[in-house]
Amino acid sequence: MEIQVNILSIRNDIKNIAIIAHVDHGKTTLVDEMLHQSGIFRDNEAVQERVMDSNDLEKERGITILSKNTAIHYKDTKINIVDTPGHADFGGEVERILTMVDGVLLLVDAFEGCMPQTRFVLKKALGLHKTPLVVVNKVDREGARPREVIDEVLDLFIELGADDDQIEFPVVYASARNGYSSLDPDVREGDMRPLLDAILEHIPSPDGDVDGPAQILFSSLEYDDYVGRIGVGRVERGTVKVNTPYVLCKQDGSQENVRFSKIYQFEGLKRVDCNEAKFGDLVCVAGIADLNIGETACDPEYIEPLPFIKIDEPTISMNFIVNDSPFAGREGKYVTSRNIRDRLFKEVETNVSMRVEETDSMDTFKVSGRGELHLSILIETMRRENYEFQVSRPQVIMKKGENGQTLEPVELAIIEVPEEYVGAVMEKLCSRKGEIENMDTRSTGMTHLEIKIPSRGLIGYRSEFLTDTNGNGIMNQLFVGYEEFKGDIATRSRGSIVVHETGTTTGYGLWNTQDRGKLFVGPGVEVYEGMIVGECAKDEDIVCNVCKKKHVTNTRASGSDEALKLVPPTTLSLEQSMEFLADDELLEVTPKSIRLRKTILDKGLRLKAESRKK
């Protein structure tokens, strides 16, 4: 069917921006301050810090995991803002929301400068031809060097192949925590108006055909207990209305007739009902039960699906397995393979950079993600939802090259450590097939290292890194690409202390075991045969009886009844437990406990399996 092409119009009453940056450079704090100063909250309203981090895990860890939308009004213009995560593991969240916006606020720390994730998010934004506005944040920080940082940003733009318009980027200097911004790096007072004015001046307004056939691309999904699944997207053309028939173009090529039962627009932190939305608006729509990210709703008279951005592939995988330990089913509510399967496939619907595959075993599912943090957040979320399961050691995802050679993912480890720890860090990473790309000393006395290393070499290294640097080191990772397989890497240098029999740990049993290595449990803990309760000091596994009780006799002797002095056990977090795992071990995850165990619990069967391997 022929359609009349209308002249494109520009909506000057709206701006759509995403805030992108490296982790901890102040994105969520900046959004907080913009919301406060735009008058979204009442004067007497109690508002928590980092109000956009609404998820429990986000509040606990102080990081953003999911990208979220908000909107403010300034000088008769509505500014839609998308707050994004800064960790590389959640890069898929950044990639998909860039299709909704016309410009980006690139936030850079005035002290740290350009960091790995700054490069990643900027590369994606420039590739989609988004207009950048650079904000140098934390100018009040001790040691801030805003002028040098701008030079670093310019070098990064040039290196990433920015065009002439993008290189002429405007710069605003700000302190999000203290609530001021300025065009002058030396100003230390004021408010956020210079930043908001820069957004109005430099970020382009959406353009489109207001009278054309409706078209909306969905980039995100939310869920509401009352209206069900909600699609978040941008109206690309025309006007969308409530209860009007549309055709949903799915990613597999099929089509479905749908109607929107509700349309919401963002106002501050709330979703507000509306009857229609025009091109350029960021909206939420309800009424489509099986909507997925990347799908397009079109006018039935003019069906034209929009292409969705290609999300980078996962680099690491783990097996999620039904819990078969002796303590299975004691603490969790959802324990069957059907429960776990349904939950994992539900996660993939909203988590675009994650993959779930079924395996030959009905009880095992292969889950692939961007990194250990990406997968550990899923594990922790499922734990809190009363799921009980086991996971295997993280494995990198290999590929085959054009000539049949094996390729593996390679990352750039960007490290800052005090000079006295440089030797220990370099020795460990070079033994894991790391290659030093760059090394220099910062004015603060810290040594800056850039080491290219296979992703395999970094699995389980973070806890060693913190130990080697006494907690003074900072390490960031950036995925570089795939390179030829570098050979075997020796990772864990110590074995495990394995339980001999099922029972309850005793002080006497642990006292006899503590000389063998580092313990993970204290007395009075229920354990089972094959469970791991510590790290052995040697590079071999040892089986110990931690449930052993002292024989009671009537004989008394001086010195034999001394109080037993136990070394306090080391309590491992979820991430530390994942890093500790060896290939023949599993991590049992329940709502109340995290237990390490051998895949084969029986000692005799374990020895037979090991001898068969040899």
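- Between R597 and D324 there is a salt bridge, since at least one side-chain N of the basic residue sits less than 4.0 Å from a carboxylate O of the acidic one.
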For the pair T590 and R595, evaluate side chain to side chain contact (heavy atoms under 4.5 Å, CB included) and give the outcome as yes or no after the intermediate values.
-> CA-CA 9 Å; T590 74; R595 302 185 189 99; 4.2 Å; yes
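- Close placement of the Y387 and Y334 rings is indicated, their centers lying within 6.0 Å of each other.
- Of all the heavy atoms in F365 and L344, the pair that sits closest is CB-CD1, 3.8 Å.
- Aromatic ring pairs are classed by plane angle as parallel below 30°, tilted from 30° to 60° and perpendicular above 60°; the pair F520 and F580 is perpendicular.
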Passes side chain to side chain donor-acceptor pair (under 3.5 Å), T99 versus S219? Steps please.
-> CA-CA 7 Å; T99 56; S219 303; 2.9 Å; yes
Can V335 and N323 be said to form a side chain to side chain contact (heavy atoms under 4.5 Å, CB included), step by step?
-> CA-CA 7 Å; V335 296; N323 190 9; over 6 Å; no
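- Counting heavy atoms of neighbouring residues, nucleotides and ligands inside a 6.0 Å radius, atom NZ of K486 exceeds 12 of them.
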Please report the C-alpha distance between S455 and E411 in whole Å, then the side-chain angles of each, then the deciding distance to 0.1 Å, and finally whether the side chain to side chain donor-acceptor pair (under 3.5 Å) criterion is met.
-> CA-CA 6 Å; S455 298; E411 299 190 27; 3.0 Å; yes
Residue pair S368, I397: steps toward the side chain to side chain contact (heavy atoms under 4.5 Å, CB included) verdict | CA-CA 8 Å; S368 308; I397 299 170; 3.7 Å; yes
Go through D583 and Q395 one step at a time and tell me if the side chain to side chain contact (heavy atoms under 4.5 Å, CB included) criterion holds.
-> CA-CA 9 Å; D583 290 332; Q395 303 284 348; 3.3 Å; yes
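- Checking R234, H129, K130 one by one against D102, the side chain to side chain donor-acceptor pair (under 3.5 Å) holds for a single residue, R234.
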